[in-house]
Visitor: 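Sending over a structure as structure tokens; questions will come in a sec.
On a predicted model such as this, the values are computed, not experimentally measured, just so you know. So that the names make sense, note that chain A is the first sequence line, chain B the second, and so on, each numbered from 1.
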2 protein chains.
Amino acid sequence: MRPGTHRPSVPLEHRHVTRRIPQARDRGIPDATVARLPLYLRALNGLSERGTPTVSSEDLAMAAGVNSAKLRKDLSHLGSYGTRGVGYDVQYLIYQISRELGLTQDWAVAIVGVGNLGRALANYGGFASRGFRIAGLLDADPAVVGDRIAGLVVEHTDELESVIAGRAVSIVVIATPATAAQHVCDRVTEAGVTSILNFAPVVLNVPEGVDVRKVDLSIELQILAFHEQRKANGGPIMAEEWPGGVEQVNERSIGASS
Amino acid sequence: MRPGTHRPSVPLEHRHVTRRIPQARDRGIPDATVARLPLYLRALNGLSERGTPTVSSEDLAMAAGVNSAKLRKDLSHLGSYGTRGVGYDVQYLIYQISRELGLTQDWAVAIVGVGNLGRALANYGGFASRGFRIAGLLDADPAVVGDRIAGLVVEHTDELESVIAGRAVSIVVIATPATAAQHVCDRVTEAGVTSILNFAPVVLNVPEGVDVRKVDLSIELQILAFHEQRKANGGPIMAEEWPGGVEQVNERSIGASS
DNA sequence: TGCTGTGAAGTCTTTCACAGCA
DNA sequence: TGCTGTGAAAGACTTCACAGCA
């Protein structure tokens, strides 16, 4: 890719036969990159607040907790927004990443399930800050309906469809007990929602085209436990602990294959 | 794809000594696999509760929301716990995965920061269920200290080190405001903790050997927004949408030129 | 000179597809 | 026969290392 302009009007791809669309605007940003953009954005906002005008890939990477090669590669998927010898303009990069993530528009979010977690989410500041507006809080428990939380009155889940349609909700957060999650999920997808953030510890079944992201406390803890156990046992490097074969592990199978 | 056409022609491989330990019991379980084991465990527990004695990779994969090839490959890293022609014994597999994840022992967890989120976590049932025991709730706010939550009395963060040492806490959950997170992190790592679950929206700096897992609500929403925006724009398949250049994308950046 | 952008190499993960055992 | 376990291929992601522009 020549660094030149990213406008197809420039005649610079003489020999290279259509490789995969030159530099143009290949919208295929890798998932791994998308997942890190919010991190960069946060780091940039920190720099912005301190009035920093430009930042090098090295420094920004440091602030975001990644290495600089990865950061540069990630940003290169968005376009050529840096200046060689100088770095990136903080404000400009904030704008570009925000636009790429779709944060320059307003997203109406509904939270279903106003238990401890739902309340925590409703009160979570970082929510409203970045283009996400809580447009509805719903719960099935009549004892909770009517409560005022974070400036909103909790509505009954009977209203789910009308809230979604009436307030143009495009993202639904499910914070219900596990048993209710699939049902809520079915209703919101039926109502046209295609983005769901699920806190309930269940695997949701959704129609094609619906995006579900999951946050699962217990899974994170289990992953930590795995590594913690590993540290406790042998040293950091080893293979074949349990020399003899303690705890009959069904040795066979891979015995002498391959 | 194509059958015999693609031949790598064996480029390198001149003298690759010691590939990576034959197989024996190579304890190097891929991270991606470890991250899915809790999922399988949950699915298996569901089957167990319904009294299912054995399950095929196909069915278990379905219940866990992955494909069967991936599931078999994952399980193969633990050992050969299935029976060809039959499937996996549910109870036995539960035991093996639990053991691998270190869930057959008890883990003492301390939660620092008892705001909305901390309370939600303290009351989260899935917590205690799987070998994780909340051994302490701490907060810096005197107004909160002394409260009884989920059967525990909130202690002051001054007690952090003594709680960790005295109750053998090995995993700390940070649910403080962003500004306090790094300080708490420093103290707990100093106190010897090497596993941290961080809910504060900051990148924590930790010494070598310390594991940090992060749960970040706002990042999840931003990722959803990205995909939602993508759906709204062009169709699901395309490269170079915005043919003309709708939404003047600030061509310049580094001077539209080159 | 300093730092970005990026081919190329390296590593990790997923998927295929089938040998082989119950 | 049916289903696991697994090499091998394909694909995704990361890192290297450096050309080339400001």
Side-chain angles (χ1 to χ4, degrees), chain A residues 1-6 12 16 19-20 22-23 26 28-36 54-62 65-89 92-93 96 250-258, chain B residues 1-13 16 19-20 22-23 26 28-36 54-62 65-89 92-93 96 252-258:
Chain A
M1 315 306 199
R2 273 300 29 91
T5 108
H6 9 55
L12 44 68
H16 288 191
R19 203 192 327 203
R20 190 185 187 244
Q23 167 72 251
D26 184 339
I29 298 178
D31 286 347
T33 293
V34 172
R36 282 187 296 265
T54 62
V55 64
S56 68
S57 65
E58 192 67 51
D59 292 348
L60 181 53
M62 175 84 62
V66 303
N67 70 50
S68 65
K70 192 184 285 181
L71 178 126
R72 288 200 302 280
K73 182 68 101 183
D74 282 343
L75 294 185
S76 78
H77 290 296
L78 310 190
S80 280
Y81 297 144
T83 304
R84 290 166 201 243
V86 179
Y88 301 89
D89 179 278
Y92 186 57
L93 196 49
Q96 289 300 344
N250 273 359
E251 227 53 298
R252 67 286 189 36
S253 90
I254 43 176
S257 50
S258 80
Chain B
M1 300 312 197
R2 263 115 90 255
T5 29
H6 248 301
R7 228 55 232 250
S9 73
V10 193
L12 21 75
E13 289 302 335
H16 238 160
R19 212 222 322 256
R20 196 182 192 250
Q23 32 200 265
D26 183 340
I29 299 179
D31 286 347
T33 293
V34 172
R36 282 186 295 264
T54 62
V55 63
S56 68
S57 64
E58 192 67 51
D59 292 349
L60 180 53
M62 174 85 62
V66 302
N67 69 50
S68 65
K70 192 184 286 181
L71 179 128
R72 288 199 303 280
K73 182 66 103 182
D74 282 344
L75 294 186
S76 78
H77 287 108
L78 310 190
S80 280
Y81 298 142
T83 305
R84 291 166 201 244
V86 178
Y88 301 89
D89 180 277
Y92 186 57
L93 197 49
Q96 289 300 345
R252 69 317 182 353
S253 96
I254 43 174
S257 48
S258 68

Visitor: Where each residue is assigned the nucleotide of DNA chain D containing its nearest heavy atom, which of Val55(B) and Lys73(B) is assigned the position nearer the 5′ end?
Guide: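 Upstream on the strand: Val55(B).
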Visitor: Check whether any side-chain nitrogen or oxygen of Tyr88(A) sits under 4.0 Å from OP1 or OP2 of dG2(C), and answer yes or no.
Guide: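 Indeed not, no polar side-chain atom of Tyr88(A) lies that close.
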Visitor: Using OP1 and OP2 only, check whether a side-chain N or O of Ser57(B) sits under 4.0 Å from dC3(D).
Guide: no
Visitor: In this structure, how many angstroms lie between the P atom of dG5(C) and the CG atom of Leu78(A), rounded?
Guide: 10 Å
Visitor: Taking the side chain of Ser56(A) as heavy atoms from C-beta outward, which of dT4(C), dG5(C), dT14(D) is closest to it?
Guide: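 The nucleotide sitting nearest to the side chain is dT4(C).
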Visitor: Check this for me: does the side-chain of Arg84(A) come within 3.5 Å of the base of dG2(C) through a donor and an acceptor?
Guide: no
Visitor: Separation of His77(A) atom NE2 from dT6(C) atom P, in whole Å?
Guide: 10 Å
Visitor: Taking all atoms of both residues into account, what is the closest heavy-atom pair of His77(B) and Lys73(B), and its distance?
Guide: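 Residues His77(B) and Lys73(B), closest heavy atoms: ND1-O, 3.0 Å.
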Visitor: Can you tell me how far C1' of dT4(D) sits from CG of Asp59(B), to the nearest Å?
Guide: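 These atoms are roughly 14 Å apart.
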Visitor: Considering all heavy atoms of both residues, which atom of Val66(B) and which atom of Arg36(B) are nearest to each other, and what is their separation?
Guide: CG1-CD, 4.0 Å
Visitor: So do Thr54(B) and Tyr88(B) actually touch side chain to side chain, heavy atoms under 4.5 Å?
Guide: no
Visitor: May I ask which nucleotide in the shown strands pairs with dA17(D), Watson-Crick or G-U wobble, both distances under 3.5 Å?
Guide: dT6(C)
Visitor: Measure NZ/Lys70(B) against C1'/dC16(C) and give the value in whole Å, please.
Guide: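 Value for this atom pair: 14 Å.
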Visitor: I need the OH-C1' distance between Tyr81(B) and dC3(D), as an integer number of Å.
Guide: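 Distance check: Tyr81(B) OH to dC3(D) C1' gives 19 Å.
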Visitor: Could you check which nucleotide pairs with dA22(D) in any of the strands shown, counting Watson-Crick or G-U wobble with both distances under 3.5 Å?
Guide: dT1(C)
Visitor: Rounded off to whole Å, could you give me the CG-to-C1' distance for the Asp31(A) and dA12(D) pair?
Guide: 10 Å
Visitor: With a 4.5 Å cut-off on side-chain heavy atoms, are Thr83(B) and Asp89(B) touching?
Guide: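 No. Closest side-chain heavy atoms not under 4.5 Å.
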Visitor: Would you say a side-chain N or O of Asn67(B) is under 4.0 Å from OP1 or OP2 of dT15(C)?
Guide: yes
Visitor: Any side-chain N or O of Arg72(B) under 4.0 Å from OP1/OP2 of dA17(C)?
Guide: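 False: Arg72(B) side-chain N/O out of range (4.0 Å or more) of dA17(C) OP1/OP2.
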Visitor: Which of the following nucleotides, dG5(D), dG5(C), dT14(D), is nearest to the side chain of Arg36(A)?
Guide: dT14(D)
Visitor: Which of these nucleotides, dA22(D), dT14(C), dG5(C), is closest to any side-chain atom of Thr83(A)?
Guide: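 Per side-chain heavy atoms of Thr83(A), the pick is dA22(D).
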Visitor: Which whole-number value in Å describes the distance from Leu75(B) CG to dT15(C) P?
Guide: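 So the CG-P distance, Leu75(B) to dT15(C), works out to 15 Å.
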Visitor: Atom CG of Asp74(A) and atom P of dT4(C): how far apart are they, to the nearest Å?
Guide: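 So the two atoms are 14 Å apart, to the nearest Å.
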Visitor: Contact between Arg72(B) and Leu75(B) at the side-chain level, heavy atoms closer than 4.5 Å - yes or no?
Guide: no
